[in-house]
Amino acid sequence: MLHNKRWVVAPPITLQADEALAKFPPILKQILFNRGLATDAEARAFLKAEPNANTDPFQLIGMATTVDRICYALEKNEPIAIYGDYDVDGVTATALLVQALGALGGNVRGYIPNRFDEGYGLNKEALDSLKADGVRLVITVDCGIRSPDEAAHARTLGLDLIISDHHHPDGENLPPALAVINPKQHGDPYPDKDLAGVGIAYKIVEALLQERGKTKDSSLFPLSSLLDLVALGTVADLAPLVGENRVLVRKGLRQIRETKRQGLFSLAGVADIKIDKVTAGNIGFMLGPRLNASGRLESALASFELLTTTDFMRAGQLALQLDTQNRQRQALTRSMQEQAEAIAMSEDPEAFLLFAAHEDFNPGVVGLAASRLTEVYYRPAIVAAKNAEETRGSCRSIPEFHITDALDQCKDLLVRHGGHAAAAGFTVRNENLPELVERLKEIAKDQLGSKDLRQTLMADMEIPLSDLNFEVLKHLTYLEPTGYGNPEAVFVSRNAKVKVARTVGAEGKHLKLTFEDERGAPYDSIGFRMGHLKPDLPPRVDLLYHLEANEYNGRTTLQLNLKDLKPAGIPD
């Protein structure tokens, strides 16, 4: 039973912080301390998800120009297009602005490019088509920050273009748009740099309503009615659940639980989620993948329509369609992962960056295949779909390697590229592909060659199994929403006795174990994708897990959701 991950248990709380957090339960105290919250006031503000006073949307560079231009378009009834990306963040941001501007009387439509015909981001043909349709104002959401040529093209067409995006700009070389809203742009004073694309779209509406609220005849609608979309896009896009995102998602989850949005009811139904108890985890693992499925296999317009329709029959049809497409996407991902792994391993198994490209790869699923390679081998990975002239790649990385910085160093070879530290995409002409791969592998070797590359799993504290109970679980719910940037609490328990072990799921992929504590009390657990460990399980193990409730046949029990396990006594 191989142990190839590094466990790091957080140091115990200091005496000073222990005293400052005296009013909190001991386990919660340690977890708060681990998240950098060492005073009573900080801890309470975090647990209540209180908004920072400093969130005025007009601090964002370009916001005043944007609001003025939208107000003019509303006044003159000019056709407006919201140009979004085809992932959940882009689709929710498009739906949000279409809904808000429509409610304010705007002549507004959504435009989401087709991943297969048009590719990522702004494209000139789409701008030509929108102009021909009479559109006067185009507002991008979740894309456009790396589209200077397309922005210049919009200008030559006489189209006013506003770019709102949260991806990293290319230095100070911003597109020549009427306005650019992105808290990551150089010199932007907005304090929270981590908003998702849908969060920035929300700030635009917030600013617009502030401005319109100054006139008595404005027909305002509740800003809170958009928060369900903000929660969906923010969680699905892995924006950190701290700061303003935490506040927006906490409120957005509340909105989803009592949603009047027909499409969300239907989607929760096909995903078998109790909508009145929805969590950030449900978005990340169940709702998000279904909303993403249409854009990965066909067109994201189905997801956009689902989020905006008021027809319950149509919502039901679309939810079933997305559920079916998600199953197809899962099967396609599995086969592509196997193929990509075989290619990467046959070409260069020792490489510090894994690469696989093929003509048959579906461009909508390459990112998921790259994610799996990174997860299995703990290396940055690129999986790419090749066509006759160009190759489109999707990259996933590890904390030790900033993949977008690496692509920036190769931009002379690329048609376009963009992304974050952990994920990126690019297009390259086929004649430049071999040199690109060689250069990226060299950059990875330089940066990673001297490092001990093992995934590090962080745990909040060591705890005996006998200390776990429903009261502990209740205290952990105060940390919600948990996810990227605000991880769920993780515990380590030592020397647990394995009482029952069996595999479950398709092909025995998952591992179901029952452990005994020192008193002989049983604790059930599930280890997703750990079925292969069953043959070599020793009688006693150390566990790394998070605690959750498992509802089955109307009965709720405690369950350990295993992140890793190893033979008892082996060093972390």
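The figures here come from the full heavy-atom set of this structure, side chains too, leaving out hydrogens, waters and symmetry mates. This chain uses plain numbering: 1 for the first residue, then up along the sequence. The model shown is predicted, which means the values in this text are computed figures rather than measured ones.
- Here Lys566 pairs with Asp572 in a salt bridge; the nearest charged N to carboxylate O distance falls below 4.0 Å.
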From CA spacing to verdict: salt bridge (Lys or Arg N to Asp or Glu O under 4.0 Å), Arg416, Glu390: CA-CA 11 Å; Arg416 67 174 68 87; Glu390 292 183 335; 5.5 Å; no
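- Remark: Asp170 engages Lys411 in a salt bridge (charged side-chain N to carboxylate O under 4.0 Å, His left out) (not counting sequence neighbours).
- Counting only distance, with no hydrogens or angles, the side chain of Arg334 and the backbone of Leu332 share no donor-acceptor pair below 3.5 Å.
- In Glu118, the CD atom is crowded: over 12 heavy atoms of neighbouring residues, nucleotides or ligands sit closer than 6.0 Å.
- Other residues, nucleotides and ligands contribute over 12 non-hydrogen atoms within 6.0 Å of the CD atom of Glu431.
- Side-chain contact annotation: Tyr378 with Lys5, donor-acceptor N/O pair under 3.5 Å absent.
- At distances below 3.5 Å, not a single donor-acceptor pair connects side-chain atoms of Tyr83 with backbone N or O atoms of Thr94.
- Going from atom OG of Ser525 over to atom CG of Leu565 covers 8.0 Å, rounded to the nearest 0.5 Å.
- Judged as a side chain to side chain contact (heavy atoms under 4.5 Å, CB included), and not counting sequence neighbours, the contacts of Asp452 are Arg6, Arg454.
- Within a 6.0 Å sphere centred on NZ of Lys193, other residues, nucleotides and ligands contribute more than 12 heavy atoms.
- No side-chain donor-acceptor contact under 3.5 Å links Ser294 and Arg296.
- Residues Glu375 and Arg372 are paired through a salt bridge, judged by an N-O separation under 4.0 Å between the basic side chain and the carboxylate.
- Using modelled atom types and a 3.5 Å distance limit, the side chains of Gln409 and Asp405 yield no donor-acceptor pair.
- Within 6.0 Å of atom CZ in Phe116, more than 12 heavy atoms from other residues, nucleotides or ligands are found, so the atom counts as buried in its surroundings.
- Inspection of the Asn432 and Arg429 side chains reveals no N or O donor paired with an N or O acceptor under 3.5 Å.
- Glu548 pairs by the side chain to side chain contact (heavy atoms under 4.5 Å, CB included) definition with Ile526, His546, Gln559, Asn561, not counting sequence neighbours.
- Asn182 contributes a side-chain N or O that, together with a main-chain N or O of Asp165, makes up a donor-acceptor pair within less than 3.5 Å.
- Looking only at atom types and distance, the side chain of Arg392 has no donor-acceptor partner in the side chain of Thr427 under 3.5 Å away.
- Side-chain N or O atoms of Arg115 include one that pairs as donor or acceptor with a backbone N or O of Gly295 at under 3.5 Å.
- Asn245 contributes no side-chain N or O that, together with a main-chain N or O of Val242, makes up a donor-acceptor pair within less than 3.5 Å.
- Within the 4.5 Å cutoff, the side chain of Leu241 has heavy atoms near those of the Val235 side chain.
- Partners of Phe515 under the ring-ring contact (aromatic ring centres under 6.0 Å, His included) rule, at least two apart in sequence or in another chain, do not exist in this structure.
- Using a 3.5 Å distance cut-off with no hydrogens or angles, the side chains of Thr514 and Asp524 do pair a donor with an acceptor.
- Arg327 and Asp323 are joined by a salt bridge, as a carboxylate oxygen and a charged side-chain nitrogen come within less than 4.0 angstrom of each other.
- The side chain to side chain contact (heavy atoms under 4.5 Å, CB included) check on Ser397 picks up Pro380, Phe401, Ile403, with sequence neighbours excluded.
- No side-chain heavy atom of Tyr523 sits under 4.5 Å from any side-chain heavy atom of Leu513.
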Stepwise side-chain contact (heavy atoms from CB on, under 4.5 Å) test for Val278 and Leu253: CA-CA 7 Å; Val278 74; Leu253 286 168; 4.1 Å; yes
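- In the model, Tyr545 has a side-chain atom that pairs as donor or acceptor with a side-chain atom of Ser493 under 3.5 Å.
- Note that the CD1 atom of Ile398 and the CG atom of Leu453 stand 5.0 Å from one another [nearest 0.5 Å].
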Using side-chain hydrogen bond (donor to acceptor under 3.5 Å, both in side chains), reason through Tyr377 and Gln455 one step at a time and then give a plain yes or no. CA-CA 9 Å; Tyr377 292 98; Gln455 186 181 0; over 6 Å; no
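- Leu287 approaches Ala271 most closely through the heavy-atom pair CD2-CB, 4.4 Å.
- At least one donor-acceptor pair closer than 3.5 Å links the side chain of Gln30 to the backbone N or O of Pro11.
- The stretch residues 345-360 participates, sequence neighbours left out, in no side-chain hydrogen bond (donor to acceptor under 3.5 Å, both in side chains) pair at all.
- Of the candidates Val428, Leu436, Val437, Cys410 forms a side chain to side chain contact (heavy atoms under 4.5 Å, CB included) with just one, namely Leu436.
- For Thr482, the side chain to side chain contact (heavy atoms under 4.5 Å, CB included) criterion is met by Leu479, Glu480, Asn486, Glu488, not counting sequence neighbours.
- Listed for the Arg494 side chain is no donor-acceptor partner under 3.5 Å among the backbone atoms of Glu462.
- For the salt bridge (charged side-chain N to carboxylate O under 4.0 Å, His left out) test, residues two or more places apart in sequence or in another chain that qualify with Arg439 are Asp412, Glu435.
- Under the 3.5 Å distance criterion, the side-chain polar atoms of Lys509 are left unmatched by any main-chain donor or acceptor of Arg529.
- Formation of a donor-acceptor pair under 3.5 Å by the Asp142 side chain with backbone atoms of Ala93 is not found in this model.
- When the salt bridge (charged side-chain N to carboxylate O under 4.0 Å, His left out) test is applied to Arg246, no partner is found at least two apart in sequence or on another chain.
- Listed by first and then second residue, the ring pair (Phe, Tyr, Trp, His ring centres under 6.0 Å) pairs involving residues 404-458 are His166-His420, His167-His420 (not counting sequence neighbours).
- Legend: residues meeting salt bridge (charged side-chain N to carboxylate O under 4.0 Å, His left out) with Glu341, ordered by chain and number and at least two apart, are absent.
- Looking at heavy atoms from C-beta onward, Leu547 lies in side-chain contact with Leu560 at the 4.5 angstrom threshold.
- Salt-bridge check for Asp272 with Arg290: failed, with every basic side-chain N at 4.0 Å or more from each acidic carboxylate O.
- For Phe528, the ring-ring contact (aromatic ring centres under 6.0 Å, His included) test picks out His510, with sequence neighbours left out.
- Taking CG from Leu413 and CD from Glu438, the interatomic distance works out to 10.5 Å, rounded to the nearest 0.5 Å.
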Could you go step by step and tell me if Asn34 and Asp460 meet the side-chain hydrogen bond (donor to acceptor under 3.5 Å, both in side chains) rule? CA-CA 7 Å; Asn34 295 346; Asp460 284 286; 2.8 Å; yes
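- A donor-acceptor pair under 3.5 Å is formed between the side chain of Thr279 and the backbone N or O of Asn282.
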Walk me through whether Thr391 and Asn430 qualify under side-chain hydrogen bond (donor to acceptor under 3.5 Å, both in side chains). CA-CA 6 Å; Thr391 295; Asn430 288 342; 2.7 Å; yes
